[in-house]
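In what follows, a structure is listed as structure tokens, so that the remarks can point back to it.
From a predicted model like this one, the values you see are computed outputs, not experimental measurements.
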Amino acid sequence: VYREILKEDEWNRPRVQTLLKIHERLSQLGSEMHMIGFTIHEANRRKLIKQLKNLSTRRHNELVAHVGPRRSPKYRGTDHDMRSLLYARHKKPGIRCYEIPEPAAYDLEMWTNDTATVLSVDKAALLRIFINPTTPNEAKDAIALFWRAKAPNKALSTWVDGKELRERICDDGRMRPEWNSAGTETMRWAGELMTLPQEKDDDSLGGKLPNIRSMYCAARGWRLLHWDWSQQELRLWAAIYDDPNLAKALQTSDVYSYDARSWFPKQLQKLFGKDWEHTNLKKEWPNGRRQCKVTHLGAQYWAGPAAVWTQGLIQDRGLAFHTVKVLHAAMHKTYKVGFDNSQREHEQVNECGYSEGRILHGRRYYPAPPPITETCNYPIQRTAGEMGALTMLAIADTIKRLKLPARILTNEHDAGTIEFRASATVELELTAICREKAEGPWTIDGRPYKFPIACHTGDTWAEACAD
């Protein structure tokens, strides 16, 4: 296969050869990061194990109490118990049943197998039931409590005390994670630490969890520096789709408050009087601002009101469909220029057959005409991936050239973490390097753009990632 690839004209073009060289260097960097590893703070890890176990027990008891120990003495909160609670097909003696209408056999997302014999209770399936207006409120409460009860167990088994994690912790106390620098089509990396959750808000259906990053720390005598792009995807959307209103919103440093002031002027004026335009909405009107955020992040990639609402319910159970529908229309009106340009992007992709990043021009080819949700999203994600790859290499090269006592530990989509010998001088020099390499300017479609980053330091990963 490799010999045949070498015969293709596309393979020998400068664009592809440049990508090959960059991927070879990224692979080397990923190997180095794996060999370095990340120190485990064992005391914090033990604390997390205790916290998550206690949280799991408490939430499990809340779930069982809601279902009713007197009405359902056999309910224990397992997946199959949840099936029995919802569907007549899995009904069990001693467990009440809401008898939710059974989905069609061809609706495979709702079943665990192709033979349509066992109904699924994974997140996607339960969310479908949760958003259905015919589902009884008591059943919705049970679903929400079920999610909350499972979240600590999943965190414990996946990121804190699972078999795979324990096997990766070596005798020197450092965990060696996998890093796949070519794990995605968008040039973003893949690896265990990239999906590790931070502390979550209480309004999420999964509930609040302790910050698992607290179990990772710097080695003795070292510190951690975490850098991360500020609203990278929004800035790329404004640049690639040339939207002046989004560029203006980004200048305010809070796009979602800008949205709220644009979409709720009368309501805000009534609530806050003459100073409504200068009110800190993140603090004073968090629910309204969050609704704008949910709508903005979903609608910018051409998701319809129903899809935006479904995703929004994960963060805010009280989100009303009518509210999302109104905000969705307002979003398309406010950022009309950007949506018009993304529509033109979609038409161009259908003509040429591929989407493309804007820096290294990596491509995704489509064998069939793709939906606009893909053609609008891919250039943003691919360009972000290209920025991340080039930034990581530039920082690594500079650290080696200057012989700084520092080493890259993680790549996190739009962020990274570096371990450095504890020194105020090294910290200042490293911060300056990260700002220079990450912020740009980056040339996108022939125009330069700056992408600001935030840098924080700490002894643990949780401290370094704090805002």
Side-chain angles (χ1 to χ4, degrees), residues 63 67 75 77-92 95 97-151 153-155 157-158 183-186 188 190 194-195 197 200 203-207 294-295 297-321 324-325 328 364 366-378 381:
L63 169 62
V67 171
Y75 187 88
T78 65
D79 284 9
H80 200 64
D81 283 348
M82 198 65 193
R83 294 184 184 98
S84 303
L85 185 73
L86 296 174
Y87 296 106
R89 170 185 287 258
H90 298 295
K91 199 169 184 177
K92 288 162 66 172
I95 295 180
C97 183
Y98 292 111
E99 301 201 15
I100 304 295
E102 203 168 284
Y106 59 78
D107 190 357
L108 297 182
E109 187 180 57
M110 301 298 290
W111 301 84
T112 63
N113 51 24
D114 293 344
T115 58
T117 53
V118 180
L119 282 149
S120 176
V121 287
D122 67 9
K123 189 173 183 179
L126 288 181
L127 188 58
R128 292 264 295 275
I129 303 170
F130 188 86
I131 66 172
N132 192 322
T134 66
T135 301
N137 285 332
E138 198 174 358
K140 291 183 180 182
D141 291 338
I143 290 171
L145 288 168
F146 180 70
W147 265 323
R148 286 172 60 84
K150 286 180 75 73
N153 276 333
K154 180 180 178 183
S157 62
T158 306
T184 68
E185 281 188 295
T186 59
R188 294 186 188 272
M194 301 192 74
T195 57
K200 293 183 178 179
D203 59 5
S204 169
L205 283 175
V294 166
T295 304
L297 292 176
Q300 70 178 352
Y301 295 127
W302 285 88
V308 173
W309 180 55
T310 301
Q311 286 301 111
L313 284 172
I314 296 173
Q315 297 298 322
D316 182 1
R317 187 179 167 185
L319 189 62
F321 177 68
V324 172
K325 196 172 180 181
H328 189 276
R364 171 190 282 171
Y366 301 100
I372 194 170
T373 50
E374 279 195 40
T375 61
C376 175
N377 190 10
Y378 183 80
Q381 304 304 327

Can you tell if the side chain of [X] reaches within under 4.5 Å of the side chain of [Y], non-hydrogen atoms only?
X	Y	answer
Pro305	Thr295	no
Asp107	Arg128	yes
Tyr301	Thr373	no
Phe130	Thr135	no
Glu138	Tyr98	yes
Asp81	Phe146	no

Within 6.0 angstrom of Lys140 NZ, more than 12 heavy atoms from elsewhere: yes

Flag if over 12 foreign heavy atoms under 6.0 Å of NZ, Lys92: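 Above 12, so yes.
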
So, taking the atom named [atom1] in [X] and the one named [atom2] in [Y], what distance separates them when rounded to the nearest 0.5 Å?
X	Y	atom1	atom2	value
Ile100	Thr134	CD1	OG1	7.0 Å
Thr310	Ile131	OG1	CD1	3.5 Å
Ser157	Lys150	OG	NZ	9.0 Å
Gln311	Leu319	CD	CG	11.5 Å

Is a side-chain donor or acceptor of [X] paired with a backbone partner of [Y] at a separation under 3.5 angstrom?
X	Y	value
Trp111	Ala104	yes
His80	His90	no
Tyr378	Glu185	yes
Arg83	Leu119	yes
Trp147	Lys123	no

Shortest non-hydrogen separation from [X] to [Y] and the atoms involved:
X	Y	value
Leu63	Tyr75	CD2-OH, 3.7 Å
Pro103	Met110	CG-CB, 3.5 Å
Gly183	Ala190	CA-CB, 4.1 Å
Leu86	Leu126	CD1-CD2, 3.7 Å
Gly298	Val308	C-CG2, 3.8 Å
Gln300	Cys376	O-SG, 3.5 Å

